[in-house]
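Read the structure below first, then the notes.
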Amino acid sequence: MAPNDLAPDSRVELRGATAEDAGPLTRLFLDSRAASMPYLPKVHSDEDTLAWMTHVVLPGTTVRIAETGAGEPLGFASLDGTELEHLYLRPDARRRGIGSLLLAEVRELSPEELTLYVFQRNTDARAFYERHGFTAVGFDDGSRNEEREPDVRYRWTAHG
C-alpha cells in the first residue's frame, strides 16, 4: 500500500512496540515532525534520533503502535507513567481517528490522569487535546526543551 492509498475505512490494529520497530518509528517520528511542525529546528541527526528511539523510548516507556492490517505503522504513542511523551501520526494518516484511537489506548493504561507537553505553535495538536478534554495548566518559554520552542503543559483527569 502506497502512503497515499490509505482508505478512510482501512482496518487499524493496535499492538505493543518491540525493538524491531525502532527504524520504522524513527522514520514516522521524523516525517511527522517535518510535516506538522516545519518551524522546529533539527537538533539531532537521523542516526542520533534512531539511537534515542532504540535506547531510550522503546525500552524506557510503554509504546503502542497503530498499524494497517498489513503491518504498516500509522502512528504511535509513548507513555511514561502518567506522562504522554509522544503521540505522532504518519502525515497521510492524520484526521482519520487514529490519534483518537491511540489516545484511548493510552487512557486505558493511565485511566486516572495524563499530562503532556505540546509546542505552543502546534495549534492542530492543541486543538486535538482540548477536544479530548485536556486543559492547559502551564505555559513555558521554551527553556525546558531542546528546540527552545515555547510549549504548553496539558492535563487530563478522569474526573474532570
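In what follows, every heavy atom counts, from backbone to side chain, and hydrogens, waters and symmetry copies are set aside. Count residues from 1 along the sequence.
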Please evaluate residues E85 and V57 with respect to the criterion side chain to side chain contact (heavy atoms under 4.5 Å, CB included), reporting the C-alpha separation (whole Å), side-chain torsions for both, the decisive distance (0.1 Å), and the verdict.
CA-CA 9 Å; E85 294 284 338; V57 176; over 6 Å; no

With clusters defined by side-chain heavy atoms of hydrophobic residues (ILVMFWY) lying less than 4.5 Å apart, directly or transitively, does [Y] cluster with [X]?
| X | Y | answer |
| --- | --- | --- |
| L58 | L109 | no |
| V63 | V106 | no |
| L25 | L50 | no |
| M53 | Y88 | yes |
| L79 | F76 | no |

Applying side chain to side chain contact (heavy atoms under 4.5 Å, CB included), run through T135 and R155 and close with a yes or a no.
CA-CA 5 Å; T135 303; R155 184 170 185 251; 5.7 Å; no

Using side-chain heavy atoms (C-beta onward) and a distance below 4.5 Å, is [X] in contact with [Y]?
| X | Y | result |
| --- | --- | --- |
| E147 | R33 | yes |
| H132 | W156 | no |
| H86 | F29 | yes |
| R95 | D124 | yes |
| L102 | L89 | yes |
| Y154 | R126 | yes |
| Y117 | N145 | no |

Cation-pi, F128 ring and R94 (6.0 angstrom, 45 degrees)
no

Taking only residues two or more places apart in sequence, or in another chain, which ones meet R153 in a side-chain hydrogen bond (donor to acceptor under 3.5 Å, both in side chains)?
E83, T115

Say whether, by atom type as modelled, one donor and one acceptor occur between the side chain of [X] and the main chain of [Y] under 3.5 angstrom.
| X | Y | answer |
| --- | --- | --- |
| T68 | E72 | yes |
| D21 | T18 | yes |
| R90 | G75 | no |

At their closest point, which heavy atom of [X] faces which heavy atom of [Y], and how far apart are they?
| X | Y | value |
| --- | --- | --- |
| I65 | P73 | CG2-CB, 4.2 Å |
| E20 | P24 | O-CD, 3.8 Å |
| V152 | Q120 | CG2-CG, 3.3 Å |

Show your reasoning for whether side chain to side chain contact (heavy atoms under 4.5 Å, CB included) applies to L84 and L103.
CA-CA 9 Å; L84 179 57; L103 186 57; 4.1 Å; yes

Indicate yes or no: does R15 engage E13 in a salt bridge with an N to O separation below 4.0 Å.
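Not counted as a salt bridge, because no side-chain N and carboxylate O are separated by less than 4.0 Å.
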
For R64, is there an ion pair with E108 - N to carboxylate O distance below 4.0 angstrom?
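No, this pair does not count.
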
If you round to the nearest 0.5 Å, how far is CZ of R11 from CD of E67?
9.5 Å

Atom CG of D140 and atom CG of D151: how far apart are they, to the nearest 0.5 Å?
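D140 CG to D151 CG: 5.0 Å, rounded to 0.5 Å.
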
Donor-acceptor pairs are to be reported for all side-chain atoms of residues 35-42 against protein atoms at under 3.5 Å, with residues two or more places apart or in another chain.
residue: S36; atom: OG; partner: S32; partner atom: O; Å: 2.8
residue: Y39; atom: OH; partner: N122; partner atom: N; Å: 3.3
residue: K42; atom: NZ; partner: D46; partner atom: OD1; Å: 2.5

